[in-house]
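As structure tokens, the structure follows; a few thoughts come after it.
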Amino acid sequence: MTSTTISSRNKKRIAQQFSRAANTYNSVADVQLDIAFDALAYLPSHYKTGLDIGCGTGRISQRLSDRCDRLVAMDLAFGMLAYAQQNNEIPDPSICWLQGDADSLPLASGSVDMLFSSMVLQWAENQHLVMSEISRVMAPGAKAILAIMCDGSFTQLNDSWSSIDSHRHVNDFATAESWSDAAKQQGLQVNMREKQYITWHHDIKKLLSSIKSIGANVLLSSQSSPAINSTLSQNKSALNRKTLQHLETYYQQKYAENMQLPLTYQVCFLHCSK
Ligand SMILES: C[S@@+](CC[C@H](N)C(=O)[O-])C[C@H]1O[C@@H](n2cnc3c(N)ncnc32)[C@H](O)[C@@H]1O
């Protein structure tokens with residue numbers, strides 16, 4: 001496995017949290033699996049060289065490798081890659097595991113025929129930067145299938161927090177249109193569609209834990225107030241019992257159905273060609 005240096009503070013925290021979640025990820029990340037399978041359905045052909053950006057535990061990489069002669073499975077989090085390598089059902093010599101950052105892809109220009117990424121790019125530093133990197137590594141005629149969490153995600157949680165204070169507790173998600181525009185600006189042809197997924201939770205603790213246990217509990221610092229007491233940050237004292245109770249009561253009253261709390265994942269699927 002090749003290693004790289006992770007630059008910004010946000011990136012280090014993202015990598016740490018996902019690394020910590022590597023052992024539990026597959027047992028809890030059900031909605032992420034549904035989304036990745038929906039994205040895979042867009043990939044009918046066979047390709048020479050593929051890239052899976054943000055491969056996580058590698059469970060989709062194995063399926064992608066069936067459709068490529070050679071696959072680079074890349075992730076920012078070393079812990080995820082280590083898990084992926086150790087837990088491959090059948091070690092697959094056609095997969096090259098690589099540590100790297102979507103914002104600065106460690107690959108040569110024009111070297112990839114198929115690029116796949118599911119539930120990753122919402123963590124990228126800058127839409128335009130990551131799309132220019134994606135376009136750069138795509139060979140002429142290459143395809144990219146990108147599933148990205150976008151605006152409309154976690155709205156119930158965001159609203160419930162705003163009944164408590166005016167700080168940001170949930171990351172901002174860019175709109176589907178802005179992702180599509182960013183790809184077009186890099187000269188890619190784009191077909192885009194959106195789909196909503198809803199997960200249901202018995203109580204607010206389980207709902208918050210569904211985010212934390214997959215490693216997605218980093219509140220990006222450029223979006224947060226310095227004094228923030230965050231659901232998604234590491235500040236454990238922030239979530240005292242009273243706050244949690246208030247959050248739960250508001251969430252229950254406004255959103256519960258059959259005693260279950262919904263959490264929305266709004267996902268845009270970009271099907272790009274170069
Ligand atoms: C929600 S998981 C998705 C994993 C896998 N694609 C799946 O569908 O199960 C997000 C993954 O993206 C990785 N990630 C986050 N930011 C990244 C970046 N800038 N570059 C590469 N990988 C990144 C995380 O380490 C994590 O493994």
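None of these values were measured; they are calculated from a predicted model. Quick note: residue numbers are just sequence positions, from 1. Remember, it's 1-based here, ligands and their atoms both numbered in the order they're listed. Below, all heavy atoms of this structure are taken into account, side chains as well, without hydrogens, waters or symmetry copies.
In this structure, the protein non-hydrogen atom closest to atom 20 (N) of ligand 1 is Ala102 N, 2.9 Å. Protein heavy atom at the shortest distance from atom 25 (O) of ligand 1 is Asp75 OD1, 2.6 Å. The nearest heavy-atom contact from the protein to atom 3 (C) of ligand 1 is Tyr25 OH, 3.3 Å. The nearest heavy-atom contact from the protein to atom 14 (N) of ligand 1 is Val120 CG1, 3.8 Å.
Side-chain atoms of Thr57 never come within 3.5 Å of backbone atoms of Ala84 as a donor-acceptor pair (strictly under, hydrogens ignored). Although no hydrogens or angles enter the test, the distance criterion places a donor-acceptor pair under 3.5 Å between the side chain of Ser153 and the main chain of Gln266. Between the Asp75 side chain and the Cys55 main chain, a donor and an acceptor come within less than 3.5 Å of each other. A donor-acceptor distance shorter than 3.5 angstrom exists from the side chain of Ser163 to the backbone of Ser160, with no hydrogens or angles considered.
We find that Lys11 and Glu125 are joined by a salt bridge, their nearest charged nitrogen and carboxylate oxygen being less than 4.0 Å apart.
For ligand 1, the atoms sitting less than 4.0 Å from at least one non-hydrogen atom of Met80 are 27 (O), numbered in the order shown with element in parentheses. Within the listing of ligand 1, atoms 4 (C), 27 (O) sit less than 4.0 angstrom from a heavy atom of Gly56. The atoms of ligand 1 that sit less than 4.0 Å from any heavy atom of Arg59 are 9 (O). Those atoms of ligand 1 that come under 4.0 Å of a heavy atom in Ile14, given as number and element, are 15 (C), 16 (N). With ligand atoms numbered from 1 in the order given, ligand 1 contributes 25 (O) to contacts under 4.0 Å with heavy atoms of Ala77.
Among the atoms of Asp103, none of the N or O lies under 3.5 angstrom from an N or O of ligand 1. Close N/O approach between Leu76 and ligand 1 is found [any backbone or side-chain N/O within under 3.5 Å]. In terms of polar-atom proximity, Trp123 is not counted as a contact of ligand 1, lacking any N or O under 3.5 Å from an N or O of the ligand. Backbone and side-chain nitrogen or oxygen atoms of Met119 are examined, and none is located within less than 3.5 angstrom of a nitrogen or oxygen of ligand 1. Of the polar atoms of Gly54, at least one N or O is found under 3.5 Å from an N or O of ligand 1, judged by distance alone. Polar contact check, Ser118 against ligand 1: a nitrogen or oxygen pair lies under 3.5 Å apart. Remark: ligand 1 and Asp101 share an N or O pair separated by less than 3.5 Å (distance only, no angle test).
Each of Asp103, Asp101, Val120 was checked for a side chain to side chain contact (heavy atoms under 4.5 Å, CB included) with Leu76, and the lone residue meeting it is Asp101. Screening Met119, Glu194, Gln196 against Val267 for a side chain to side chain contact (heavy atoms under 4.5 Å, CB included) leaves a single residue, Met119.
Between Cys150 and Thr175 the shortest heavy-atom distance is CB-C, 4.2 Å.
Both Leu261 and Ile164 sit in one connected hydrophobic cluster of ILVMFWY residues. Membership requires side-chain heavy atoms under 4.5 Å apart, directly or through other members.
Residues Trp161 and Tyr250 keep their aromatic ring centres 6.0 Å or farther apart.
At least one heavy atom of Gly100 sits closer than 4.0 Å to an atom of ligand 1.
Scored by the salt bridge (Lys or Arg N to Asp or Glu O under 4.0 Å) test, Arg193 finds no partners at all (sequence neighbours excluded).
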